[in-house]
Amino acid sequence: MEDQLPLASFDPPLGEKYKSLLKNRRGGSSPKSVHEQIIVEERELPLIDLNKLKLGDKEREECKIEIAKASEEWGFFQVINHGISRSLLEEMREEQVKVFRKPFVEKMNDKNLLAGSYRFGTPAATCLTQVSWSEAFHVPLSHIYDSGGVTNLSSTMEQYACPVAELAQQLTEILTENIGQDSSYIKKMCLPNTCYLRMNRYPSCPLAQEITGLMPHTDSDFLTILHQDEIGGLQLVKDGKWVAVKPYEEALIINIGDLFQAWSNDVYKSVEHRVVTNKWNERFSMAYFLCPAYDTIIESCAKQPIYRRFTFRDYREQVQKDVKVFGRKIGLSRFLNNKEENI
Ligand SMILES: O=C(O)CCC(=O)C(=O)O
Ligand SMILES: [Fe+2]
C-alpha cells in the first residue's frame, strides 16, 4: 500500500508522514482501522435564502429565525442569494487552481502575497488518524489589503474578501441580536484585517479509505464562510453521528466557530467537521475566517458563563500547544469555568 503514493510535481510530499507513522506504529492495529469504515449518510444542510432579508418584515424575521435555529441546532447551514456573483466565485476558483499548480518548492518559498502562508499535511501528527491529505494557503487579509492588488491573484482575493466580509458581518449581526446583544459588538471586535482567507486543496488520495483530507476539528473563529466545489467530502457531526454534506456549488456554507460558541454561552454550536478524500478526484475549497484581533477578550455576558474569559491570543496559544503535544486541538473544553486544566 505504501508504495501506491504517486505524486504530481506540484503535490507536496503528503505520503512521507503517513509512511513514517505506519512504520513506527505500535501494537497490531491495521491501517484499515484508522478511519471508521461506517457508511456516512448524506444530508442537505438547512438551506436559507438570504433574499428574504430584503423582502417585507415577515419574511425578514422568518429568515433571521432560520439562521438562528440552524446555528443552534446544526452549527452549520448554507445560504443562497448571498450577494457574491457566480462569476467572482469562478474567477476565485480559477486563481486558486493556478496557484496550487505551481511547483511544490515555489509554493513553499513564495516571497510575495502568500509568503509564510503555505502548509500541507499535519506535521505534528502523532498517529495515523491525524494525517491530513491536503495543502493550503492560510492568508491574513491584512496581507491581501497591503498587497495593492498587483497580481490577478491578489486583486481577485481582495474582490472576493470584501463581499464575503460583508456577509459575515450581516450574519453575525443577526445572530448577536437574536441573543439580545448589541448587534455591532462582533463588528467592532473583528476588523477587516484581522480575518483570514484559506485556500484548500485535497489531492486525490490512493489511500482514501484510511486517510482524511482534513482531520476532525472545530474552527477557532467566530464564523466561517466556505465555498466548496462539486466533489464533496465535507462531513460534520450531527446528533452524535458523522453526516456528509451534499455539495451545492451555488451555495456558501456557514459554520459557527469556537469563539461564537463561547461568547454566546453555548447557544450557538461550533461543530466538529472533517474532510474525507477520494481516490479519483482532487477537491478545492475556500474558507473565510471571521477572527478578532489577538488582544480581544472573549467573555460571555450570561449570568453563569460556561467558559472563563480569555483572549483570542490565549486561545490560539493553547491550540498551538495542544497540537504540538497531542497532535490535535483540544479546543473550548480547555477554557471551561471553575476548572484549572480541562481536557
Ligand atoms: O474544505 C472543506 O470543506 C472544509 C475546510 C475546513 O474545515 C477548514 O479549512 O477549516
Ligand atoms: Fe474547518
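We count ligands from 1, going down the list as the structure has it; atoms in each ligand are counted the same way. Any value given below was found using the heavy atoms of this structure, including those in side chains, with hydrogens, waters and symmetry copies removed. Nothing here was measured: the structure is a model prediction, and the numbers come from that model.
- A donor-acceptor contact under 3.5 angstrom links the side chains of K329 and T218, judged on distance only.
- Looking at D219 against ligand 1, only its side chain comes within 4.0 Å, counting heavy atoms.
- Residue-ligand proximity, L226 to ligand 1, at heavy-atom distances under 4.0 Å covers atoms 2 (C), 3 (O), 4 (C), 5 (C).
- Per-residue contacts place H273 under 4.0 angstrom from the following atoms of ligand 1 (heavy atoms of the residue considered): 7 (O).
- For the Fe ion (ligand 2), the nearest N, O or S atom contributed by H217 is named NE2.
- When heavy-atom distances to ligand 1 are checked against a 4.0 Å cut-off, F289 comes that close only through its side chain, counted from C-beta outward.
- For atom 10 (O) of ligand 1, the closest heavy atom belonging to the protein is H217 NE2, 3.1 Å.
- For ligand 1, the atoms closer than 4.0 angstrom to any heavy atom of N200 are 1 (O), 5 (C), 9 (O).
- Using a 4.5 Å cut-off on side-chain heavy atoms (C-beta onward), F260 and T172 make contact.
- Interface of S285 with ligand 1, defined as ligand atoms under 4.0 Å from a residue heavy atom, comprises 1 (O), 2 (C).
- Aromatic pair Y307/F335: ring centres not closer than 6.0 Å.
- The side-chain tip of R101 points at the ring of F10 from less than 6.0 angstrom away and within 45° of straight on.
- Within D219, OD1 is the N, O or S atom that lies nearest to the Fe ion (ligand 2).
- Annotation for ligand 1: atoms under 4.0 Å from non-hydrogen atoms of R198 are 9 (O).
- By the 30° and 60° cut-offs, the orientation of the rings of F120 relative to F104 is perpendicular.
- Atom NE2 is the N, O or S atom of H273 at the shortest distance from the Fe ion (ligand 2).
- Atom NZ of K52 is surrounded by more than 12 heavy atoms from other residues, nucleotides or ligands within 6.0 Å.
- Around the NZ atom of K102, the shell of radius 6.0 Å holds no more than 12 heavy atoms that belong to other residues, nucleotides or ligands.
- Annotation: atom 6 (C) of ligand 1 to nearest protein heavy atom, L214 CD2, 3.5 Å.
- Each of the following atoms of ligand 1 lies closer than 4.0 Å to a heavy atom of R283: 1 (O), 2 (C), 3 (O).
- The shortest distance between side-chain heavy atoms of T311 and D295 does not fall below 4.5 Å.
- Polar contact with ligand 1: present for Y202 (N/O pair, distance under 3.5 Å).
- The pair K64-E61 meets the salt-bridge criterion, since a charged nitrogen lies less than 4.0 angstrom from a carboxylate oxygen.
- Close approach of ligand 1 to V275 is summarised as follows: ligand atoms under 4.0 Å from at least one heavy atom of the residue are 1 (O), 2 (C), 3 (O), 4 (C).
- Crowding of E230 atom CD: a count of heavy atoms from other residues, nucleotides or ligands under 6.0 Å exceeding 12.
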